[in-house]
Amino acid sequence: MLRVIKRFERVIIMVLVVLMSVVLLLSTLELAWIIIQDIISPPVLLLDINELLDIFGLFMLVLIGIELLDTIAKTYMAESVDHAQIVMSVAIIAIARKVIILDVKELSGLALVGIAAILLALTVGYFLIKKKDPAEG
């Protein structure tokens, strides 16, 4: 029974890898299309701040997708990898993406402190997980 479950899990992981690859390809094409549209629209070769923020946000989203693909493909195929460390690093990247595209004028000071607290907690957690196994660091 355990062998059947493991085989089923591997099939699901393979399907997820294929689906994530398709999503990454489509999102990369979408990003390229948006950049081309922004560059050729008047004023030509100039991007305003909102266009830059949108492009950076999509760029970071593709990078997070790549990290997730790497996580799915490598981590869940190997038995000896610390899944918590990978999940923490993906969470840090996701929060960093939000911080990069954040419009601080729209948020209260308390919301910014909350984001900082989340980022600090994730970073400390990642450090502690990494410190747990000195052979990895």
Side-chain angles (χ1 to χ4, degrees):
M1 182 69 173
L2 213 54
R3 190 177 313 144
V4 172
I5 291 172
K6 280 291 183 189
R7 190 171 298 137
F8 177 74
E9 184 179 90
R10 294 254 183 225
V11 169
I12 295 296
I13 289 170
M14 294 295 186
V15 170
L16 287 175
V17 166
V18 169
L19 291 174
M20 182 59 80
S21 299
V22 170
V23 168
L24 279 172
L25 175 66
L26 293 175
S27 60
T28 303
L29 293 174
E30 175 76 15
L31 176 60
W33 178 249
I34 288 172
I35 290 172
I36 291 168
Q37 282 183 322
D38 287 346
I39 288 175
I40 63 174
S41 67
V44 177
L45 297 177
L46 294 175
L47 301 173
D48 68 19
I49 192 70
N50 290 329
E51 290 171 334
L52 285 173
L53 287 175
D54 288 344
I55 289 170
F56 286 150
L58 285 171
F59 192 84
M60 291 299 292
L61 199 56
V62 171
L63 289 177
I64 291 170
I66 291 170
E67 187 67 29
L68 285 172
L69 179 62
D70 187 54
T71 300
I72 293 168
K74 291 182 182 174
T75 306
Y76 290 100
M77 293 293 194
E79 299 297 325
S80 63
V81 177
D82 187 3
H83 298 281
Q85 181 179 336
I86 302 298
V87 170
M88 294 291 275
S89 67
V90 170
I92 290 169
I93 292 169
I95 295 294
R97 174 192 173 268
K98 282 294 190 192
V99 169
I100 289 170
I101 64 170
L102 193 66
D103 186 5
V104 292
K105 295 177 216 159
E106 293 182 8
L107 293 176
S108 68
L110 190 57
L112 293 174
V113 169
I115 292 170
I118 290 170
L119 193 53
L120 181 64
L122 286 171
T123 306
V124 168
Y126 182 82
F127 172 76
L128 292 174
I129 290 170
K130 193 82 167 158
K131 188 177 176 183
K132 177 183 75 173
D133 188 7
E136 288 182 8

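These numbers come from the heavy atoms of this one structure, side chains and all, not from hydrogens, waters or symmetry mates.
Residues L120 and L128 share a hydrophobic cluster, clusters being chains of Ile/Leu/Val/Met/Phe/Trp/Tyr side chains in contact below 4.5 Å. Side-chain heavy atoms closer than 4.5 Å link hydrophobic residues (I, L, V, M, F, W, Y) into clusters, and following such links, even through other members, never connects L53 to V62. Clustering ILVMFWY residues whenever any of their side-chain heavy atoms sit less than 4.5 angstrom apart, transitively, puts L31 in the very cluster that holds L45. Residues I95 and L112 fall within the same hydrophobic cluster, defined by Ile, Leu, Val, Met, Phe, Trp and Tyr side chains chained together at heavy-atom separations under 4.5 Å.
I129 approaches M88 most closely through the heavy-atom pair CD1-CG, 3.7 Å.
Distance NZ/K6 to CD1/I13: 8.0 Å, rounded to 0.5 Å. In this structure, CD in E51 is found 11.0 Å from CD1 in I35, a value given to the nearest 0.5 Å. Note that CG of N50 and CD1 of I55 are 11.0 Å apart. Values are rounded to the nearest 0.5 Å. Here I92 contributes atom CD1 and I118 contributes atom CD1; the two are 12.5 Å apart, rounded to the nearest 0.5 Å. The structure places CE of M20 at 10.5 Å from CD1 of I66, a figure rounded to the nearest 0.5 Å. The CG atom of L47 sits 5.0 Å away from atom CG of L52, with the distance rounded to the nearest 0.5 Å.
In this structure the side chain of F8 reaches within 4.5 angstrom of the side chain of I12, judged on heavy atoms. For the pair S21/L69, a side-chain contact is recorded, criterion being any heavy-atom separation below 4.5 Å from C-beta on. The shortest distance between side-chain heavy atoms of L19 and V23 does not fall below 4.5 Å. A 4.5 Å side-chain heavy-atom check between I34 and D54 finds every atom pair outside the cut-off. A heavy-atom distance below 4.5 Å is found between the side chains of L107 and I115. The shortest side-chain heavy-atom distance between L63 and M60 falls under the 4.5 Å cut-off.
For L26, the CG atom counts as densely surrounded, since its 6.0 Å shell holds more than 12 non-hydrogen atoms of other residues, nucleotides or ligands.
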